[in-house]
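The next block holds one structure in the form of structure tokens; read it before the comments.
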Amino acid sequence: MIPSFWLSTLDPVTPRPPLPGDRSYDVAIAGGGYTGLWTAYYLSQVAPQLSVVVLEAEYCGFGASGRNGGWASGLFPVGEAKLARRHGADRARAMHAELAGAVDEVGRAAAAEGIDCHYAKGGTISLARSPAQLRRARLAPGFLAAAEAKAICNATDVLGGVYSPDCAALHPARLVRGLAATVVRRGVDVFEGTRVLRLERGSVTTDHGTVTAGTVVRALEGYTAQLAGHRRALAPVYSLMIATEPLPAADWERIGLARRETFTDERHMIIYGQRTADDRLAFGGRGAPYHFGSRIEPSYDQVPEVFDSLSHTLTDMFGIRPEIAYRWGGPLGIPRDWMPSVGLEDGLAWAGGYVGDGVAAANLAGRTLADLIAGHDTVRTTLPWVGHRSRRWEPEPIRWLGINAALRATTLRDTLEKHPAPAR
């Protein structure tokens, strides 16, 4: 993997030792990202009598947890109205309220553990920059007129926007590496360079030995498809990012984002950005192809045409041509129905499928898994995503054709909205 900007700003990563052979624990967690580490962290609080191990193929933060856009947001891929139809209005409201609370909990826990992750809760703004985008924005809670939106983020062609306070910008790699150090300090064993090959009730088979455990947790997110028997559970879809050199103060005076609000716009193809603590623009988006058979390769992190598109979008949005200092990417996990889930059944637990909105959601998932494993009935254990199981993705080549066709159709929709066909 080519190191991301986030990891490049930290001290060089020295992986912890691998699993030293067969071992037994009460809880074995596959995956050293946010989900696995938050689960271990909260288990150390609510059930300190349990022995817990985290098994990571590379190093903690190698995956999406160390290279994402740094949005700790209350966003959920399934809208509240759809959740209400499926699960009732009260449970839908509770789901979104708990996610909003998770934004604050990430900041609280980081501060409590001395993790300097550059947390800044400025909220998020989605700009409307075409008539079609404006029509969508007007229907959303938190709609702002053009002047109000531009006062937050002074991009080009702003016609309005939607603001939510439920988002914080942060440094994702600082958070995940600090969290790994914290759980070790709390008595959790973390073995890196240990690839999980198979999960079964009561055991985890790795390339360095077998771990037996009363509870086994799958927390592999975008890498789930590499696990035996899980090829069609989550589709690994790539999201790519760029980071500029630090921008001069004059640019920031014009652009805004004074409270480090995160930003996007109302296009269909997802884009996301933040002003970093050292005054760069970190900016990313979808658009890279899905690869046949859910394959994941380091070379897929680099798609020059997507990087060029991201750079051009920054120029289009802000009227600047910044020097791009870093380019990187990687897979995230998408369930077939876009519904993240958390669960525990017959000794096997899981969480994930965040569709790219996992920074705060993984914190909520970790607390929920800790409750479930400890046998505690809480508000969290009654949320709509608990026990949900998405149907599997279609076999190939249907999966490859369908996902990539959807990506192309999304790009086309945005093009037509930006440049509508002339009336006849």
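As the structure is a computational prediction, the values presented were derived from the model and not from experiment.
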Item to complete: Taking side-chain hydrogen bond (donor to acceptor under 3.5 Å, both in side chains) as the test, write out the residues that go with Gln226, two or more places apart.
Response: none

Worksheet item: Does the ring of Trp393 carry Arg336 above it, NZ/CZ under 6.0 angstrom from centre and within 45° of its axis?
Response: yes

Discussion item. For a salt bridge (charged side-chain N to carboxylate O under 4.0 Å, His left out) check, start with the C-alpha distance between Glu323 and Arg280, then their side-chain angles and the critical distance, and finish with the verdict.
Written reply: CA-CA 10 Å; Glu323 184 176 349; Arg280 302 172 190 263; over 6 Å; no

Fill in: Listed once per pair and sorted, the salt bridge (Lys or Arg N to Asp or Glu O under 4.0 Å) pairs that draw on residues 140-158, sequence neighbours left out
none

Worksheet item: Is the shortest heavy-atom distance from the side chain of Val184 to the side chain of Thr182 under 4.5 Å?
Response: no

Item to complete: Could you check Val103 against Cys167 for side-chain contact (heavy atoms from CB on, under 4.5 Å), going step by step and ending with a plain yes or no?
Response: CA-CA 6 Å; Val103 177; Cys167 190; 5.6 Å; no

Worksheet item: Heavy atoms, side chains only, cut-off 4.5 Å: are Trp71 and Thr124 in contact?
Response: yes

Discussion item. Between Arg286 and His268, is there a side-chain heavy-atom distance shorter than 4.5 Å?
Written reply: no

Worksheet item: Taking only residues two or more places apart in sequence, or in another chain, which ones meet His291 in a ring-ring contact (aromatic ring centres under 6.0 Å, His included)?
Response: Tyr238, Tyr300

Fill in: Ionic contact status for Asp316 with Lys418, cut-off 4.0 Å
yes

Worksheet item: Who pairs with Tyr41 by ring-ring contact (aromatic ring centres under 6.0 Å, His included), at least two apart in sequence or on another chain?
Response: Trp38

Worksheet entry | Inter- and intrachain pairs under ring-ring contact (aromatic ring centres under 6.0 Å, His included), touching residues 330-372, at least two apart | none

Worksheet item: For residues 133-183, which residue pairs qualify under ring-ring contact (aromatic ring centres under 6.0 Å, His included), counting only residues two or more places apart or in two chains?
Response: Trp6-His171, His118-His171

Worksheet item: Excluding sequence neighbours, so at least two apart, what forms side-chain hydrogen bond (donor to acceptor under 3.5 Å, both in side chains) with Arg218?
Response: none

Worksheet item: Would a 4.5 Å heavy-atom cut-off, applied to side chains only, mark Thr244 and Leu314 as touching?
Response: yes

Fill in: Heavy-atom neighbours of Trp252 CH2 exceed 12 at 6.0 Å
yes

Fill in: Residues which pass ring-ring contact (aromatic ring centres under 6.0 Å, His included) with Phe318, listed by chain and number, not counting sequence neighbours
Phe263

Worksheet item: How about Val52 and Ser44: do any of their side-chain heavy atoms sit closer than 4.5 Å?
Response: no

Worksheet entry | Arg201 with Asp346: basic N within carboxylate O range, under 4.0 Å | yes

Item to complete: Indicate yes or no: at least one non-hydrogen side-chain atom of Asn68 is less than 4.5 angstrom from one of Tyr272.
Response: no

Worksheet item: Is Asp371 salt-bridged to Arg380, going by a charged N under 4.0 Å from an acidic O?
Response: yes

Item to complete: May I ask you to decide whether Arg177 forms a salt bridge with Glu192, counting only side-chain N to carboxylate O separations under 4.0 Å?
Response: yes

Worksheet entry | Worked check of side-chain contact (heavy atoms from CB on, under 4.5 Å) between Gln302 and Phe307 | CA-CA 8 Å; Gln302 302 288 308; Phe307 292 138; 3.5 Å; yes

Worksheet item: Would Glu113 and Arg186 pass as an ion pair if we require N to O under 4.0 Å?
Response: yes

Item to complete: Tell me, yes or no, whether the heavy-atom count around Arg195 atom CZ, taken from other residues, nucleotides or ligands under 6.0 Å, exceeds 12.
Response: no

Worksheet item: Residues two or more places apart in sequence or in another chain: which of them pass side-chain hydrogen bond (donor to acceptor under 3.5 Å, both in side chains) with Glu98?
Response: none

Item to complete: Taking side-chain hydrogen bond (donor to acceptor under 3.5 Å, both in side chains) as the test, write out the residues that go with Thr156, two or more places apart.
Response: Arg129

Worksheet item: With a 4.5 Å limit on heavy-atom distance, are the side chains of Leu332 and Ile334 in contact?
Response: yes

Worksheet item: What pairs of residues pass the salt bridge (Lys or Arg N to Asp or Glu O under 4.0 Å) test when at least one of them lies in residues 395-408, not counting sequence neighbours?
Response: Glu396-Arg399

Discussion item. Please list all pairs meeting salt bridge (Lys or Arg N to Asp or Glu O under 4.0 Å) that have one or both residues in residues 71-90, counting only residues at least two apart or in different chains.
Written reply: Asp90-Arg93

